[in-house]
There are 2 protein chains.
Amino acid sequence: MKKQITLKDIAKELDVSISTVSKALKNSDEIGHDTKEKIQAFAKLYNYRPNNIAISLKNKRTRNIGVIIPNIVHYFFATVVRGIENFANAHGYNVIVCVSDESFDKEVINMEMLANGSIDGFIMSLSSETQLKNDYNHIREVMDQGIPLVFFDRATDEIDCDKVIINDREAAYQAVNKFVNSGRKRIALITSENFLNVSDERAKGYFQALREHGIEIAENLVLKLPYIDIDEKVVQKFFSQNKIDAVLCVNEVFAVQCMRFVQKTGIKVPEDISFIGFTDGLLSKYATPSLTAINQHGEDMGEMAAKMLVEKIESEADEDTYRIEILKATLVERESTVN
Amino acid sequence: MKKQITLKDIAKELDVSISTVSKALKNSDEIGHDTKEKIQAFAKLYNYRPNNIAISLKNKRTRNIGVIIPNIVHYFFATVVRGIENFANAHGYNVIVCVSDESFDKEVINMEMLANGSIDGFIMSLSSETQLKNDYNHIREVMDQGIPLVFFDRATDEIDCDKVIINDREAAYQAVNKFVNSGRKRIALITSENFLNVSDERAKGYFQALREHGIEIAENLVLKLPYIDIDEKVVQKFFSQNKIDAVLCVNEVFAVQCMRFVQKTGIKVPEDISFIGFTDGLLSKYATPSLTAINQHGEDMGEMAAKMLVEKIESEADEDTYRIEILKATLVERESTVN
DNA sequence: TTGTAAGCGTTATCAT
DNA sequence: ATGATAACGCTTACAA
């Protein structure tokens with residue numbers, strides 16, 4: 001248990017003052033050549049490393065970015081974190097990832113934990129529970145403390161701050177267009193039970209496309225599913241009770257599972273029913289048939305968010321202007337659709 | 001930009017000393033009832049929060065755990081992180097996740113970054129490049145500094161420290177047994193190109209099972225694949241040139257992709273060829289046919305690792321005894337195998 | 001060229 | 001019951 005060597009230790013050992021050591025290690029030209037050499041050699045020999053915590057306290061800057069994601073097993077969030085890491089590490093920042101697990105309480109606790117000096121700014125996507133409660137006081141508190149915050153994906157209009165999102169509505173709209181253009185008319189939407197703004201946007205795009213094509217909107221063609229433990233029977237009943245020839249799903253887990261369930265009943269994908277799902281992840285790629293998917297460009301989104309945050313952190317002026325960046329989702333065509 | 005309020009601010013405002021404020025907020029009974037009330041009320045009103053950084057500096061403890069994982073998109077690592085978070089947050093620790101991206105350099109940089117005071121201990125799984133280079137000096141340095149470290153999954157015998165792993169060899173052995181018991185004899189192994197200890201262990205189990213069943217070991221029944229960009233042709237050639245009736249894959253991505261490739265050539269799974277893959281993730285569950293998989297219990301592993309680390313951190317004595325916990329993998333039977 | 005001292009926000013020890 | 005002071009490790013005016 002060799003304890004970390006400090007400036008003080010070096011100073012004592014070499015019989016100089018602490019500030020001399022500090023300056024020498026910074027290669028300040030206030031310090032004489034010989035002393036500098038001596039000190040640097042000694043520091044290297046004993047493997048001196050400045051203590052981040054002390055520097056943070058002094059500078060009031062940690063070079064840490066706090067990231068709060070709703071869950072970690074979804075491919076999309078994983079790629080966003082990777083994008084954040086890319087940018088952050090390249091710019092000398094650490095990333096502290098916390099997972100809210102779709103829980104309001106965990107989101108609040110994590111944010112409070114991090115806000116007390118551990119980080120210079122937040123990048124986050126709201127938990128479903130938070131969106132359901134529509135309670136954003138913890139966010140406001142953090143912002144009132146002057147901590148910069150960037151939302152990605154699941155943002156809220158209630159809070160004025162930097163955001164980076166994709167054109168969810170437009171992407172859903174295009175997906176439905178694709179269905180219509182290939183001759184499909186009985187188009188279903190499978191979405192999440194809980195109240196996510198992104199799901200809402202996607203639903204809007206879905207309805208808009210139907211409307212513009214003069215296709216009647218039928219409430220019974222919209223199915224809401226829970227995040228976990230999807231009931232096979234419910235899905236199969238949905239498909240047997242309604243004549244459906246195309247389905248838009250708000251995430252790939254829904255899409256891939258539903259494809260499996262309907263195929264079991266003898267339905268052919270894409271001949272009888274076409275599928276398109278949001279999130280172009282591993283599941284989409286390896287499903288049978290492979291899934292035509294909407295790529296949300298998570299890595300780009302993460303890099304963008306990190307860039308926006310770092311700019312805010314490093315800009316001296318605390319202007320009250322906020323940016324909203326909208327990335328374009330792209331459709332990746334695979335086997336689950338026809339042309 | 002309302003700056004965080006400090007003890008000093010409260011002291012000045014209430015015209016008492018800083019130490020009085022500190023004690024009052026800790027409910028020390030050194031402080032008179034009235035002053036205490038007054039201070040606590042004021043602190044609450046102005047939403048006082050102790051500064052973590054200052055406390056860390058004072059206590060030489062950060063209550064942060066550094067986690068280094070090789071990548072974040074693999075389901076297994078995601079579940080381990082979740083397990084670590086579970087335990088850590090429940091015990092008042094933050095989790096700082098860094099991703100080495102299977103790169104030695106990134107692993108080293110991340111560890112150095114975190115080791116300089118940001119964290120109280122490490123939980124990590126080695127990058128493939130590190131295992132290939134077989135260079136563990138960065139790990140030794142960290143341990144020499146007295147920072148506790150726990151390996152999970154991809155560990156190395158070169159370093160003496162706490163570890164939590166699964167019985168990879170045994171699990172592979174059992175999987176092959178299952179194949180043999182269902183009448184399969186031409187059993188292939190699909191493993192990773194790079195030199196991962198876990199892959200090696202799994203290969204050992206594979207060979208051991210074959211040997212014990214008196215099945216000839218054929219080098220050409222072992223296929224090594226790169227992590228990304230698997231060449232469909234290579235896989236199909238492998239299956240066409242060798243009569244194969246069962247395959248053990250060291251991860252689910254390999255398994256699911258290979259299943260797709262062979263099915264395209266008209267081969268039936270599991271009738272013609274059975275498949276078993278390591279990692280019981282979403283891919284295994286939603287593949288067609290669904291994949292019989294070896295569950296590595298990532299969440300348990302993460303919790304276990306966090307528990308071991310926190311115990312080390314909080315134990316005063318720095319004994320030099322290390323624990324190796326071996327979790328039991330379990331086989332989850334699905335449609336890609338027969339009985 | 002080198003050193004002194006204050007300060008970042010907290011806690012703990014030792015006065016008063 | 002309250003306060004002064006030192007300390008954690010570092011940076012940086014300001015002296016010398």
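Letters A, B, ... mirror the listed sequences (proteins, then strands); counts begin at 1.
- Using a 4.0 Å cut-off on heavy atoms, the residues of residues 43-59 of chain B that approach DNA chain D are B:Leu57, B:Lys58, listed by number.
- Residues B:Glu102 and B:Ser128 have side chains that bring a donor and an acceptor to within less than 3.5 angstrom of each other.
- Overall bending of the helix from C:dT1-D:dA16 to C:dT16-D:dA1, expressed as the angle between end axes built from five pairs apiece, is 60° (10° steps).
- Scanning both residues, A:His91 and A:Tyr93, for their nearest heavy atoms gives O-CD1, 3.1 Å.
- Counted by atom type alone, B:Gln131 and B:Asn197 present one or more donor-acceptor pairs between their side chains at under 3.5 Å.
- A heavy-atom distance below 4.0 Å to DNA chain D is reached by these residues of residues 11-28 of chain B, ordered by number: B:Val16, B:Ser17, B:Ser19, B:Thr20, B:Lys23.
- A:Arg323 and A:Glu311 are joined by a salt bridge, as a carboxylate oxygen and a charged side-chain nitrogen come within less than 4.0 angstrom of each other.
- Partner of A:Ile119 under the side-chain contact (heavy atoms from CB on, under 4.5 Å) criterion, out of A:Leu114, A:Val95, A:Val67: A:Leu114 alone.
- Side-chain atoms of A:Asn47 and A:Arg49 form a donor-acceptor pair, as typed in the model, at a separation below 3.5 Å.
- The distance from atom CD of A:Glu30 to atom P of D:dA13 is 10 Å, rounded to the nearest whole Å.
- Across the protein-nucleic acid pair, A:Lys60 atom NZ and C:dT10 atom P stand 10 Å apart, rounded to whole Å.
- Ion pairing between B:Asp162 and B:Lys312 holds under the 4.0 Å rule for side-chain N and carboxylate O.
- For the pair B:Ile31 CD1 and C:dA12 P, the computed distance is 13 Å after rounding to whole Å.
- Across the protein-nucleic acid pair, A:Gln4 atom CD and D:dC10 atom P stand 9 Å apart, rounded to whole Å.
- Ring geometry for B:Phe104 against B:His138 counts as perpendicular: the plane angle is over 60°, on a 0 to 90° scale with 30° as the lower cut.
- Per the geometry, CG belonging to A:Leu7 stands 13 Å off C1' belonging to D:dC8, to the nearest Å.
- None of A:Leu14, A:Ile39, A:Leu25 except one satisfies the side-chain contact (heavy atoms from CB on, under 4.5 Å) rule with A:Thr20; the exception is A:Ile39.
- Side chain to side chain, A:Ser103 and A:Ser100 fail the donor-acceptor criterion of an N or O pair below 3.5 Å.
- Rounded to an integer number of Å, the gap from A:Gln145 CD to C:dG9 C1' is 15 Å.
- Between B:Glu85 and A:Lys106 there is no salt bridge, since no side-chain N of the basic residue sits under 4.0 Å from a carboxylate O of the acidic one.
- Residue B:Lys36 contributes atom NZ, which lies 10 Å from atom P of D:dT2 at whole-angstrom precision.
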